[in-house]
Amino acid sequence: MYSPQRRDFISVTLGSQAGRTYDNSKTWRRQSCWRKWKQLSRLQRSLIAFLFVFMVVCGVAAYPNLSERWQVESYHDGELKQAEPAVEPGVAKVLPKAPPVTQPQKPRRSNLNKRGPPFLQKRLSKKENADEPKINKEENEAEVIPNEKEEEKDNVISWRGMKIEPEQVNPALPDTRKKEPVPNEAVKEPAGLNERQMAVIEAFQHAWKGYKQYAWGHDELKPISKTYSEWFGLGLTLVDALDTMWILGQQEEFEEAKKWVLTDLNLGKNVDVNLFETTIRILGGLLSIYNLTGDQVFLDKASELGNRLMPAFDTPSKIPYSDVNIGRGTAHPPRWTSDSTVAEVTSIQLEFRELSRLTKEEKYQAAVNEVMKHIHKLGGKMDGLVPMFINTNSGQFSHLGVYTLGARADSYYEYLLKQWIQGGKKESDLLDDYLQAIEGVKKNLIRKSEPKKLTFVGEMSHNQFSPKMDHLVCFLPGTLALGAHHGLNADHMELAKELMETCYQMYAQIETGLSPEIVHFNLNPHNTKDIEVKPADRHNLLRPETVESLFYMYRFTRDKTYQDWGWQILQNFNKYTRVKTGGYTSINNVRKSENPEPRDKMESFFLGETLKYLFLLFSDDFNLISLDKYIFNTEAHIFPIWTT
Ligand code: DMJ
């Protein structure tokens, strides 16, 4: 039995030399080694000396590689240990996680080349914005992609796993592999991923993590309740995000999502879908990713969907119904009316026209062109401005007298310009309607607020001006700038700059730094605040319009202020809308920074548009989706400008 009193001892006697006890001191060890060294033969000593010198030389040569590896490894480790609160505060912790785009940057088989956005094939930009938090240079260098020899580039186009022989690439597509002329002397350095872009990638990964875990294959993530909501049951977020993943270099996620599209996207289900939303998000998303990858799977799905949506045009006036049952092939207006929304019937054209170009089937383009021709001739406009509704039986505008650039009319104006550009600037009716409408905006809807004189776009209701502006209207600076870039009046650019400032102020003047859905501008010189927000309008749905316009403004002016504004907005999304377990959420109250009241929904356009535009805004590679070669649909999906 164990007795607590009993103790066992082991006695250890340390040997001594020359009368000195062992004390593990450096002096003792030095002297002992020296004696041993002296006892060696001359040959033995030379051999050891040679080995020592050899090892030192090898060590010096290997040091840079090793140190780089150690740093990359510890960087990854740090990321894994992040802890997150409920709706995550602050962007400081938004450390850019080294994205998968780093993988292919290691030396690859020499006869392969990626078909990817230009930044994936270039070194990191050496230019950094002065006010950007500094990123460790060695970390940056871990992202370096070795330049490949020019002659290797034409062999096989491949984007991490997807390899397309050049002859399989649709000849109608613009050849994205060819180098475009650098439009400005300022862009001498090849651009690449910078820290802000990395932060967007990190945000995307966080959003995707939530979607993947709790809403995979469903329409939208509900990040707070960790479930999903269904609108059409077509994997809306997943399809909307495909081209964003591609542009952000999220290969693994893209491959998984593509597999879902192949095996699980059921376009024949018995479900009523909204023609406009399905067209801009799903048809647009499929066409865009087809154009970027050349993968036939996406075009097949797009043409199946196009066919299933066609019954919408089967109306007495040829103005499409708002809803289609894609399984049954039947269409109808909303239950309470036979009207369709003007923005909806005039913002499906880019997609159907592109589908015709790619499939060589005229019927899609014919159907949507018919709508535009009809509206071009239609009475009831005010100086080129259109009402918000159109009747599908009579083909006439209804609810006359209300004019807005916001909800229900917005993208009519956007698509006039973009169709004109898409078609190679030949369809003069579209251009005339656009130019007339912008004159109508200037004449009827533009005012300046008090006291700061912010230029804004209000609304007209039965000859009464209302200083109300939807956040949706913030697409307009970008569209005006795009038009000016394509040769339209220079004063469009001046208006674009003024409106851009206003849209930024809709964020900057609010407690959370995030814009509400609607603001009212003050016209009274005695009031001190330019912007008022009504209680019902205080929500933010993670909408893209302001960052979309910032992207255009930066591309065309190269004024880094626009990048800085976008950076602030991203940080505020991270601060007030990020959910710790994955995903971002709409919020109810942008004025309440202590509790913005999460709404528990991540809209698909946050991934499809907001993050994509932010990523492109932060890029200094102006050839990354060049605005001379591509246009974006109203859901930020990418279509080529036709060259023939
Ligand atoms: C998107 O679906 C599109 O940008 C559309 O044109 C307007 N609404 C949302 C984003 O706010």
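Every number for a ligand or one of its atoms is a count from 1 in the order of the listing.
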Among protein heavy atoms, which sits nearest to [atom], and what does the distance come to when rounded to 0.1 Å?
| atom | value |
| --- | --- |
| atom 10 (C) of ligand 1 | E545 OE2, 3.2 Å |
| atom 8 (N) of ligand 1 | R543 NH1, 3.5 Å |
| atom 2 (O) of ligand 1 | E635 OE1, 2.6 Å |
| atom 6 (O) of ligand 1 | T634 OG1, 2.7 Å |

Numbered atoms of ligand 1 (with element) below 4.0 Å of [X], judged on heavy atoms:
| X | value |
| --- | --- |
| L472 | 7 (C), 8 (N), 11 (O) |
| F605 | 1 (C), 2 (O), 9 (C), 10 (C) |
| P544 | 10 (C), 11 (O) |

Would you mind telling me if ligand 1 is within reach of the side chain of L541, the backbone, both or neither, using heavy atoms under 4.0 Å?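 None of L541 does.
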Option passing ring-ring contact (aromatic ring centres under 6.0 Å, His included) with F632 (candidates F551, F475, Y415): F551
Between ligand 1 and E609, is the shortest N or O to N or O distance under 3.5 Å? yes
Can you tell me if [X] has a non-hydrogen atom under 4.0 Å from ligand 1?
| X | value |
| --- | --- |
| R281 | yes |
| S411 | no |
| I280 | yes |

Is any side-chain heavy atom of L234 closer than 4.5 Å to one of L265? yes
F605 versus T634: any side-chain heavy-atom pair under 4.5 Å?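 They are not in side-chain contact.
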Set out, in order, the CA-CA distance, both residues' side-chain angles and the distance that settles side-chain hydrogen bond (donor to acceptor under 3.5 Å, both in side chains) for H374 and K318, then state yes or no. CA-CA 9 Å; H374 178 86; K318 302 287 175 241; over 6 Å; no
Full working for side-chain contact (heavy atoms from CB on, under 4.5 Å) between T237 and F606: CA-CA 9 Å; T237 297; F606 182 63; over 6 Å; no
Of R357, Q349, R353, E427, which is the lone residue that meets side chain to side chain donor-acceptor pair (under 3.5 Å) with Q422?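 Considering R357, Q349, R353, E427, a side chain to side chain donor-acceptor pair (under 3.5 Å) with Q422 is found only for R353.
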For the atom pair CH2 (W231) and OG (S604), what is the distance rounded to the nearest 0.5 Å? 7.5 Å
For the pair W208 and W216, name the ring-plane relationship: parallel under 30°, tilted 30 to 60°, perpendicular over 60°. perpendicular
